[in-house]
**Q** 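For reference, the structure I am asking about is given below.
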Amino acid sequence: GVEVGPQPQGAARADILDRMRKIVKHGLDFVQLFNAGKEFPPCTIEVFKIMEKVDYPRNKNDEIIAIIHPKLQDQDWQPVNNGDPLFLTLDGKVIPYQGNCTIYPTFINEAAYYEKKQAFVKTEKIKLTAKHLRSSVS
């Protein structure tokens with residue numbers, strides 16, 4: 001599967017559809033080249049590994065007491081460091097990130113995740129290395 005976004009629920013956006021088409025085309029091109037016996041050299045790529053899902057701050061009645069901070073809104077995949085703002089309480093208090101590593105939040109304030117108690121997902125940037133790849137079929 002391929003998920004491309006962000007995109008509001010029930011909406012169809014031309015730019016997101018175009019991105020999805022490009023990703024699928026690259027995938028099909030790879031399969032065609034692999035099946036034709038092309039050898040792919042070793043490579044390293046940066047990816048984002050999910051660390052954990054983060055809920056909104058809540059009170060003892062399980063009610064949300066803070067919203068996504070304006071500086072975090074629409075900043076998916078951007079680095080957040082210790083002390084950077086995450087949430088803003090309704091009375092204006094900033095709740096900062098408290099951690100010992102840089103995180104890269106994604107799915108920030110997605111409407112589809114409110115019921116799942118998810119304000120965003122914390123990810124970390126890591127590097128993956130792949131050995132050369134070639135079809136064993138000649």
Side-chain angles (χ1 to χ4, degrees):
V2 175
E3 182 174 342
V4 182
Q7 179 169 279
Q9 292 171 270
R13 289 181 41 170
D15 60 331
I16 301 298
L17 180 60
D18 184 55
R19 286 184 200 166
M20 185 271 307
R21 284 181 174 149
K22 286 177 182 173
I23 289 170
V24 170
K25 182 184 179 315
H26 286 304
L28 292 172
D29 289 345
F30 169 81
V31 170
Q32 183 177 12
L33 291 169
F34 180 79
N35 288 341
K38 177 172 174 59
E39 183 170 347
F40 295 88
C43 66
T44 300
I45 185 171
E46 287 186 337
V47 298
F48 296 90
K49 180 181 175 185
I50 293 174
M51 298 168 69
E52 68 178 311
K53 296 174 183 177
V54 177
D55 191 8
Y56 293 88
R58 294 177 183 270
N59 64 18
K60 63 182 177 185
N61 296 324
D62 205 35
E63 299 165 327
I64 294 174
I65 59 167
I67 57 175
I68 295 293
H69 193 280
K71 290 184 178 179
L72 182 61
Q73 184 64 51
D74 300 321
Q75 297 301 308
D76 294 78
W77 312 111
Q78 298 305 307
V80 171
N81 296 296
N82 188 46
D84 289 348
L86 292 180
F87 298 102
L88 186 63
T89 65
L90 299 179
D91 61 355
K93 180 183 172 193
V94 173
I95 300 173
Y97 168 58
Q98 295 177 337
N100 56 4
C101 67
T102 299
I103 61 168
Y104 298 82
T106 188
F107 302 111
I108 299 168
N109 203 25
E110 293 275 344
Y113 297 120
Y114 271 69
E115 65 189 35
K116 296 177 181 177
K117 295 185 174 184
Q118 181 179 311
F120 60 87
V121 173
K122 281 174 35 177
T123 70
E124 62 181 331
K125 191 186 293 189
I126 63 171
K127 290 184 180 185
L128 296 179
T129 301
K131 297 178 182 178
H132 77 281
L133 180 65
R134 184 178 197 167
S135 173
S136 61
V137 178
S138 297

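For the numbers below, each heavy atom of this structure counts, side chains included, while hydrogens, waters and symmetry mates do not.
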**Q** Do the non-hydrogen side-chain atoms of H132 and P41 ever get within less than 4.5 Å of each other?
**A** no

**Q** Do V54 and I67 belong together in a cluster built from hydrophobic side chains that touch within less than 4.5 Å?
**A**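 No.
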
**Q** Looking at side-chain heavy atoms only, is the closest gap between Y56 and I65 below 4.5 Å?
**A**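 Side chain of Y56 against side chain of I65, heavy atoms only: no contact under 4.5 Å found.
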
**Q** Look up atom CG in D84 and atom CD in Q75, then write down how far apart they are to the nearest 0.5 Å.
**A**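 D84 CG to Q75 CD: 11.0 Å, rounded to 0.5 Å.
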
**Q** Any chain of hydrophobic side-chain contacts (each under 4.5 Å) joining V80 to F48?
**A**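 No.
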
**Q** Are F107 and M51 in one and the same hydrophobic cluster, where Ile, Leu, Val, Met, Phe, Trp and Tyr link if side-chain heavy atoms are under 4.5 Å apart?
**A** no

**Q** Evaluate whether atom CZ of R21 has more than 12 neighbouring non-hydrogen atoms of other residues, nucleotides or ligands under 6.0 angstrom away.
**A** no

**Q** Tell me if a side-chain donor or acceptor on N59 pairs with a main-chain N or O of N61 at a distance below 3.5 Å.
**A**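 Yes; judged by distance alone, with no hydrogens or angles, the pair exists.
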
**Q** Looking at residues at least two apart in the chain, or sitting in another chain, which of them share a side chain to side chain contact (heavy atoms under 4.5 Å, CB included) with D91?
**A** T89, K93

**Q** Would you say the side chain of I103 lies within less than 4.5 Å of the side chain of P105, judging by non-hydrogen atoms?
**A**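 Answer yes - side chains close enough.
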
**Q** How long is the span from the CG atom in N82 to the OH atom in Y97, to the nearest 0.5 Å?
**A**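 Nearest 0.5 Å value for the CG-OH distance: 7.0 Å.
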
**Q** Is there a path of hydrophobic side-chain contacts, each under 4.5 Å between heavy atoms, that joins L72 and L88?
**A**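 Each belongs to a different hydrophobic cluster.
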
**Q** Is the number of heavy atoms from other residues, nucleotides or ligands within 6.0 Å of CG (L33) greater than 12?
**A** yes

**Q** Using modelled atom types only, decide if a donor and an acceptor are shared between the side chain of N81 and the backbone of T102 within a distance under 3.5 Å.
**A**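 Not a single qualifying donor-acceptor pair exists.
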
**Q** Would a 4.5 Å heavy-atom cut-off, applied to side chains only, mark K25 and L28 as touching?
**A** no

**Q** Name each donor-acceptor pair under 3.5 Å that joins a side chain in residues 122-129 to protein atoms two or more places apart or in another chain, with its distance.
**A**
residue	atom	partner	partner atom	Å
K122	NZ	E52	OE2	2.8
T123	OG1	Y104	O	2.5
T129	OG1	T44	OG1	3.3

**Q** For atom CD of Q32, decide whether the heavy atoms of other residues, nucleotides or ligands shown that lie under 6.0 angstrom number more than 12.
**A** no

**Q** How many angstroms lie between atom CG of L86 and atom NZ of K71, to the nearest 0.5 angstrom?
**A**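 Separation between the atoms: 12.5 Å.
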
**Q** Using every non-hydrogen atom in the two residues, find where G83 and P96 come nearest and quote the distance to one decimal.
**A**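 Closest approach of G83 to P96: O-CB, 3.6 Å.
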
**Q** Out of curiosity, F40 CZ to F34 CZ, how far, rounded to the nearest 0.5 Å?
**A** 8.0 Å

**Q** Sequence neighbours excluded and cut-off under 3.5 Å, please list the side-chain donor-acceptor pairs for residues 113-120, or say none.
**A**
residue	atom	partner	partner atom	Å
Y114	OH	N109	OD1	2.6
K117	NZ	D62	OD1	3.3
K117	NZ	D62	OD2	2.5

**Q** Enter the distance from I16:CD1 to R19:CZ here, rounded to the nearest 0.5 Å.
**A**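 Those atoms lie 4.5 Å apart.
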
